[in-house]
Structures are given as C-alpha cells and as structure tokens.
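Below: the structure, in structure tokens.
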Amino acid sequence: MLQYLVILLDDTSAAYCHADNPLKEHNLMPIETLKKGILFGMKQNLMIQYVFPDCGTRDYELPKEYAEVIESIDNVKIYPTGCKPVTGIEDGNETDVEVANEVPEKVEAKNLVLRLPFGKMLKQKDEIAKLFASGVRINLCITDVEQFTDGQIEAYKQLLEEWNGVLLGLYKQGLSPQFNLLTDRMMLKEMHNCEAGVSNITLAPNGKFYLCPAFYYDERMQVFNQLNHHQPSSDHSVGDLEKGLNIPNPQLLRLDHAPLCRNCDAYQCRRCLWLNRKLTWDINTPSHQQCVMAHIERNASRALLNDIRKVGEFMPEIDIKEINYLDPFEVRKEF
Ligand code: SF4
C-alpha cells in the first residue's frame, strides 16, 4: 500500500540513494504542479517527502511563495548538507534527512544519508566511525555497488568488524548508536527494504510519476528502458498527475514476486529495484554485488549482536542464523 509521496522540487534535488543525480541545471517544479502533487498526496493519505535542491553557495533558494505551499501539509524534508531549507518552519522535524557526499563535520538533522563510493568509505572509516556517537541516525549508501568485486569481500568484512568494535564500545557505555549497515539487521524480524513503487512513489518536476528519483534521472539522460519490451524508449514514467498512477505489472515490484529476496533474511538490504534493473535487466532479480554486500553486512550484524549479548541481554527475540553463503543465488535449489 502506498504510504509516501516523494516530491522532487527541482531537477537538482539531492540524490539520497545509490543513484547519482547527473542533472546540474535548476528546473524548479512549477508551483501549480506542486499544489496538484500535494492534493494527490492528501487524497491518497500519503506522507509527503520533499527533496530540496542543491543550494550551491547559498546563492539559490526556492522562491518565497513556495514556502507557504510546502508547509501547507505535514512533511519530511530531505536536503543537501549545508542547504537547510528556509520555509518559515526552521526547527525541522525529527524525521528530516540531511544528505552528504562527503563526511560532514557537523550534522543539523537527526538523520544523515552519507553517500560514498566504496574506496572512499574505506579511506574515511575513522571519520565515519566518529559519527556513530553523534546521536544522529547514519545511513551509509555505497554509490558504486555495481563495481564491487569478490576481491573486495575481505576488505569489506574487515571494515565492518572494525566498526563493530566501535559500536560495541558505545553499547557498553549505554548508548544506542544507529548505523544502517550494522545495527538495523539486529532489530528486524522481517524485510525492511526501499519498496519503491510499492510503499512510495516519486513525483518529478515534470508532473510525472516515477518508481524512484533514479528512474527520472535515467529518463532525462535518455537511458533506454529495458523494461519496455514493446517500443524502444527512454520513458520511465509510471503515470502523471492528470491520469494518475499507471505501473505496469506492479506485482513484479513486490517481495512475494522476487524469488531470491523472498527467501532471504538480509532484512536490512535496500533491495534496490533500480540496481536490479541496471545490473540484471530484471526488476525483481538482484545482482551478485547487491547480495554479497548485503550478506557481509548481515553476518557482521550477527557478530555484533552476539558480542553485545556477552555483556547483557539484548533483543532476545531476534535470531540471526549462521549461514555459509553470501549470495542466495548459490543456494537457490534449496529454497
Ligand atoms: S541480499 Fe539479495 S536476495 Fe537478499 S534481499 Fe538483498 S537483494 Fe534480495
């Protein structure tokens, strides 16, 4: 069931997940489109998540009349670090999200999405670890998953083991750090994935809907839509504000129609449909890279859970089993 409407206020709205936003020219959503989008969200009882543009050197701000429209409904704001939106409600919201492409020195929001390529994450591991004690929820998003190789498995395992040591120290001090790659799986009893096109949908500045912002970027960059087998096209939209949503074969977006994922217990995995489509040309089939990385995180979470339990009782209802594979595709015949 749809729960969230993501509204990209501008072409340069912050990329907050795996896909980079290649669009560099401002193209603001017309205010009438914004109003219609909000009305669509209200009618469907959706929580609005606004994604704000890059403000550069603070020389770009949304026109004043947008502030009133933006605040006409409860919302969550997703904004680039250093570009906290000025809308008249500056206290922010516990669920607002700041997005950084470098390890920030200061985080204003309670939630940080830190987007880094794998190599940079390794190099900046100590700076990243310092954020664990900040009281901010850290969502680290690796931006070059497609380039991950089996030769990097040991490096990733070692990195997460090192971070586990830092997190364990914080738990011993009575703190509750939140770091998506290592602490989420310890808390989950079922899949908690992105659910693009299932629980959330994105409205772009052109008034059209997309499964997520990445599909809008692809359309603007004229990336061929492999899902459309009938007519070669780079149209990735799934409806518009005039005609409503029109998602072809929506069941293929759901977990119960993903043969590998529905048998998997890497519950913290994003299960990114955009990466699925990019890397396997199949929206409900993940790539080897996605699964291996998610399983290294799952196994490291298991190790952290076991270490915390040596100190005291912790999440007794959670059981993460020991497994001997990193890619469910290797054991598919056992499903
Ligand atoms: S690890 Fe692989 S199989 Fe498991 S949920 Fe993630 S993408 Fe799906």
Side-chain angles (χ1 to χ4, degrees), residues 16-19 113 115-118 121 138-157 159-161 163-164 179-200 211-215 218 226-227 249-305 318-335:
Y16 59 90
C17 205
H18 291 297
V113 170
R115 303 180 65 252
L116 294 174
F118 186 78
M121 175 180 73
I138 313 294
N139 281 293
L140 205 158
C141 183
I142 298 169
T143 53
D144 56 356
V145 170
E146 61 271 37
Q147 289 172 37
F148 186 80
T149 66
D150 284 0
Q152 292 170 308
I153 288 175
E154 278 315 309
Y156 198 27
K157 280 185 184 172
L159 173 70
L160 296 187
E161 199 180 314
W163 280 343
N164 266 354
F179 177 47
N180 65 325
L181 300 183
L182 288 166
T183 65
D184 281 8
R185 178 59 187 85
M186 296 195 304
M187 315 284 173
L188 292 169
K189 289 186 192 163
E190 59 184 10
M191 279 288 176
H192 188 73
N193 317 127
C194 160
E195 295 202 310
V198 177
S199 72
N200 62 82
L211 296 181
C212 81
F215 290 90
D218 277 357
Q226 300 103 324
L227 299 180
N249 291 312
Q251 72 282 0
L252 295 181
L253 309 178
R254 297 199 319 250
L255 181 64
D256 61 357
H257 277 66
L260 289 175
C261 302
R262 71 182 175 213
N263 287 293
C264 173
D265 77 346
Y267 297 152
Q268 87 296 342
C269 177
R270 281 179 197 246
R271 209 167 79 73
C272 173
L273 302 182
W274 178 76
L275 278 176
N276 287 359
R277 192 220 50 174
K278 184 176 182 191
L279 299 179
T280 70
W281 283 37
D282 205 355
I283 200 131
N284 57 352
T285 303
S287 65
H288 179 68
Q289 296 95 308
Q290 288 160 270
C291 293
V292 169
M293 294 182 95
H295 277 78
I296 294 170
E297 293 152 17
R298 173 213 181 270
N299 293 343
S301 301
R302 179 177 181 274
L304 178 59
L305 184 62
I318 301 289
D319 179 28
I320 309 178
K321 294 195 167 32
E322 185 167 15
I323 52 176
N324 58 5
Y325 57 88
L326 288 177
D327 183 348
F329 188 77
E330 292 161 14
V331 292
R332 65 194 180 282
K333 292 196 176 125
E334 295 167 25
F335 293 161

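Whatever order the structure lists them in is the order used to number ligands and atoms, beginning at 1.
- Two rings, from His288 and Phe329, have their centers 6.0 Å or more apart.
- In the vicinity of Pro328, heavy-atom distances shorter than 4.0 Å reach the ligand 1 atoms 3 (S).
- Remark: side-chain polar atoms of Asn193 are paired, donor with acceptor, to backbone N or O of Cys269 under 3.5 angstrom.
- Nearest to atom 7 (S) of ligand 1 among the protein's heavy atoms is Pro286 CB, 3.3 Å.
- For the pair Glu297/Leu140, no side-chain contact is recorded, criterion being any heavy-atom separation below 4.5 Å from C-beta on.
- His257 contributes atom NE2, which lies 8.5 Å from atom CG of Asn284 (distance to the nearest 0.5 angstrom).
- Within 6.0 Å of the CD atom in Glu146, the count of heavy atoms belonging to other residues, nucleotides or ligands exceeds 12.
- Using a 4.0 Å cut-off to heavy atoms of Cys264, the atoms of ligand 1 that qualify are 1 (S), 3 (S), 4 (Fe), 5 (S).
- With a heavy-atom cut-off of 4.0 Å, His295 touches ligand 1 through its side chain alone.
- The Met191 neighbourhood of ligand 1 comprises atoms 5 (S), with distances under 4.0 Å to a heavy atom of that residue.
- Near Ala294, meaning under 4.0 Å from any of its heavy atoms, are these atoms of ligand 1: 1 (S).
- Glu190 CD: 12 or fewer foreign heavy atoms inside a 6.0 Å radius.
- When all heavy atoms of Tyr156 and Met121 are compared, the closest pair comes out as CE1-CE, 3.6 Å.
- Protein heavy atom closest to atom 6 (Fe) of ligand 1, with residue, atom name and distance, is Cys269 SG, 2.4 Å.
- Near Cys261, meaning under 4.0 Å from one of its heavy atoms, ligand 1 places the atoms 3 (S), 5 (S), 7 (S), 8 (Fe).
- Considering only non-hydrogen protein atoms, atom 2 (Fe) of ligand 1 sits nearest to Cys291 SG, 2.3 Å.
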